[in-house]
Amino acid sequence: MKLYTLCVLLITSVGFTQQKDQLKNVDFKTADVSLSFNVPQKQVKGRVKYTFEVFSKPDTIYIDAQNILFKDVKVNGKKKTGWASTGKVLKLFKGYKKGTNTLEFTYTATPKQTLYFVKYDCPECNNAATPGPDGLPDTDVQIWTQGQGKYTSHWLPSFDDVNEKVIFNISADFNAGYTVLSNGILKDKKDNGGLKKWQYQMEKPMSSYLVMLAIGRFDNQSQVAASGVPLEFYYRPEDASKFNSTYRDSKRIFDFIEREIGVNYPWGIYRQVPVLDFLYAGMENTTSTTFAQDFVVDETGFNDRTYINVNAHELAHQWFGDMVTAKSGEHHWLQEGFATYYALLAEKELYGEDHFNYEMYQIAERLQQASKTDTIPVMNEKASSLSFYQKGAWALHVLRENIGHDNFKKAVKTYLEKYAFKNVETDEFLAEINKVSDYDTALFKKRWLQSGSFEVDEALEILSKNQFMQLYLKVGELDDKRFEDKKPIFMQILQSDQFYPVKEEVIFQTAQVPFADKAEIVRLAMKSGNLHLRQAVARTVANVPAEFENEYMSLMDDDSYITKEIVLNVLFKRFPARQTEILNKSSNWVGFSDKNLRILWLTLAYSAKDYMPEKKEDFYSELLQYASPRYESNVRQNALAKLIYIGRADPIVWQNLVNATLHHKWQFVKFGKDNIRKLLKKEGYRPLFETMLPQLPEAERGKLQQLLDEK
């Protein structure tokens, strides 16, 4: 399974006419920010000094600030100045002049979004010597930000308009047992009254949505890119054994992308850090990418889920999005399309031409299917992420194939150098294409960027230049043919050295064929030793015949958490007489960070009538523990889904569902709400939930009451 990159989803147009005008009259240059935190109150306090240039004196100057309390506002060092805070913006009325000015203030924010305080259970950690700032020795804390296009103003008074670029220098005080990460070079780190002060400095301007913080208990390892850029890779201490599999090929990816783009990495340092319960797969904060803990994997997990694509995607954004930023949502594909495409080129460097073309084919399939209902074109701020990312990538592939790789690289290089640290529109990029080729960019723009359809024929024509894709497409055409007629072809393919997806396709086309007829093909796939082919067998031979029982059971030994999960489910249901053997063999499995295998095992062990009856309540209690707020939402959701399946009348399960509706991840919130709604429709559950109301904390009580009141 592949998790596709979801980083910044929106780059919106400026919300207010006055802010558009402000860009013409006022230019904010630098921001020196000093931060501290009240973790129990989920509060950030800051002291900020902006420098700005006034070209033509406006009536009002605006700084975006969502529900932020201000004190000691000074313009050019003077407190007696006209200012007001509306709850959405800080307005300055006077005190500034033409030329260079300063703005200083202190502020307090309790953000409901964009800056998140996450507690997590850490049984592997010994925190007694350095307790967390909340005073709880058995927990850790992470604090991280996610600007998501325009929302940094919820925790830092700044600019929702991406066209206002500023040099941000961030310093922060925090508990000495923690690491504080932000944008830029770490200039200083020193003790400060029992805390530690971390000071970061940028040299070039960036949009506010790219300002970041990540605070937690992190270790790191460093490398140096071929060009001399320092590379820092962070991880939780308990994940040290997963470092190599998580960050595999990171330096190679960096060196390739810098070389392929042809423009030196623009920021001086590059670091990456995984955080818990992150909202998306990754976020390309300038110099410092944040990504989801889900991608921290061991060697087995790497066979199923890797950070490779997200790694390359967020790195490419350091040029496309961070260095050169789209002026508005209409041109957002200039960020996401480029990042998606260069990530695929990096995969091509690592895994070869056939892999690259197969990935492009899979994207084309999704786009073709989606185009039946998703008709908003790429150049529209309301386009879907599929269009911005993957159709944008295909558009670039079409350009590159039609004008030639060297010309494409030359155009991209001049485009980036010309608009470095500025904002751009699509026509400005296409103008650089026109300088190196006579390719009809006007027609290209109309067909690929301004049309809601997907140019299937052109995509297939490009893909068909690759010999592997020619074979793959021909095998696909056999799907509706009689098995007897195509079996000889399938046998030949399975015994060849062809790239594995075409062999996978062979197995998938036999899914409905009786086992006796396809046994020879299935056994060839099993003997190949290829994890992908063996997993395809696991998926397609669900009704395992007795003569294939032991061979199918061998899949339990495969180095794949996905295969293990499929097989554990199938074997447990198919062979009840061997449940004890199956459960004993899998009793120590854990799986991914979401504990998919452990939670499945507990569910099956609890459900198996004769398996360890004296341990049933222990199994159930462990599931309840994973469903609690001590764990990441993916663990909790897995556990809650299984507890709902078990179906015990348990108020603790229901309370954890209600608690899920308060989470910052919308996916988990939806899961909680949807399942409460389903339970409320079942006979007898409404009175039980109503009985819970008085015992719930106020916030949970309010959420449950809303669901009870729904018609």
Side-chain angles (χ1 to χ4, degrees), residues 5-11 31 33 35 44 111 113-116 118 142-156 158-160 162 164-172 179-186 198-216 218 220 229-235 247 250 254 257 265-293 295 307 310-326 332 335-336 338-339 343 421:
T5 307
L6 290 175
C7 44
V8 175
L9 296 181
L10 292 174
I11 297 294
V33 182
L35 302 170
V44 57
Q113 63 180 77
T114 313
L115 184 144
Y116 299 93
V118 180
Q142 285 188 356
I143 302 173
W144 48 261
T145 59
Q146 164 57 2
Q148 194 183 338
K150 62 168 187 173
Y151 297 119
T152 295
S153 59
H154 283 262
W155 68 272
L156 173 65
S158 52
F159 305 95
D160 291 345
V162 299
E164 180 67 88
K165 294 199 171 193
V166 180
I167 297 174
F168 286 95
N169 302 310
I170 307 289
S171 68
T179 297
V180 176
L181 302 174
S182 191
N183 311 89
I185 303 293
L186 178 61
W198 302 69
Q199 294 179 294
Y200 288 88
Q201 184 174 311
M202 288 289 295
E203 295 181 353
K204 299 292 185 180
M206 63 182 183
S207 302
S208 296
Y209 78 92
L210 297 166
V211 179
M212 70 83 72
L213 284 170
I215 301 174
F218 299 120
N220 79 86
V229 175
L231 308 176
E232 296 179 351
F233 309 105
Y234 288 81
Y235 55 93
Y247 285 113
S250 287
F254 188 99
I257 286 184
Y265 177 77
W267 302 108
I269 191 170
Y270 186 56
R271 61 179 65 90
Q272 300 173 73
V273 58
V275 297
L276 297 161
D277 266 326
F278 197 55
L279 295 169
Y280 307 114
M283 176 63 204
E284 70 277 13
N285 314 294
T286 310
T287 75
S288 304
T289 283
T290 310
F291 66 96
Q293 179 72 21
F295 293 106
Y307 177 51
V310 177
N311 187 342
H313 180 106
E314 307 307 340
L315 172 60
H317 269 309
Q318 298 295 320
W319 288 266
F320 305 104
D322 295 13
M323 178 184 177
V324 174
T325 309
H332 188 44
Q335 296 175 190
E336 298 303 348
F338 268 99
F421 313 109

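Being a predicted model, the structure only gives us computed values, none of them experimental.
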Contacts of E164 that satisfy salt bridge (charged side-chain N to carboxylate O under 4.0 Å, His left out) - sequence neighbours left out: none

Considering all heavy atoms, the nearest N311-S250 contact: ND2-OG, 2.8 Å

Pairwise distance CE(M212) to OG1(T286) - rounded to 0.5 angstrom: 10.0 Å

Rounded distance (nearest 0.5 Å) linking atom CD of Q335 with atom OG1 of T325: 5.5 Å

Y151 and Q146, any side-chain heavy atoms less than 4.5 Å apart: no

Flag side-chain contact, heavy atom, 4.5 Å: T145 against V211: no

Which atom of S158 lies closest to which atom of T152, heavy atoms considered: OG-CG2, 3.7 Å

Donor-acceptor contact below 3.5 Å, side chain S171 vs main chain Q199: no

Considering all heavy atoms, the nearest L210-E284 contact: CD2-O, 3.6 Å

Beyond-backbone contact of L156 with F168, side-chain heavy atoms, under 4.5 angstrom: yes

Nearest atoms (heavy-atom pairs only) where F421 meets K165: O-CD, 3.5 Å

Proximity of W155 and Y116 rings by center, below 6.0 Å: no

Value rounded to 0.5 Å, distance of CD1 in I167 from CD in E203: 8.5 Å

OH-CG distance between Y200 and N169, expressed to the nearest 0.5 angstrom: 13.0 Å

Minimum heavy-atom distance between V166 and A31, given as atom pair plus value: CG1-N, 3.7 Å

Straight-line distance of L213 CG to N183 CG, nearest 0.5 Å: 8.0 Å

K204 side chain near W267 side chain, heavy-atom distance below 4.5 Å: yes

Partners meeting side-chain hydrogen bond (donor to acceptor under 3.5 Å, both in side chains) with Y270 (sequence neighbours left out): T289

Ring geometry between Y247 and Y307 (parallel below 30°, tilted from 30 to 60°, perpendicular above 60°): perpendicular

Donor-acceptor contact present, side-chain Q142 to main-chain L276, <3.5 Å: yes

Qualifying salt bridge (Lys or Arg N to Asp or Glu O under 4.0 Å) pairs, either residue in residues 265-274, two or more places apart: E232-R271

Option from S208, S153, S207 for which side-chain contact (heavy atoms from CB on, under 4.5 Å) with F159 holds: S208

Distance in Å, W144 CH2 paired with M283 CE, rounded so as to fall on 0.5 Å steps: 12.0 Å

Taking every non-hydrogen atom, the tightest pair across T287 and G184: OG1-N, 2.8 Å

Mutual orientation of the aromatic rings belonging to F291 and F295 [parallel < 30°, tilted 30-60°, perpendicular > 60°]: tilted

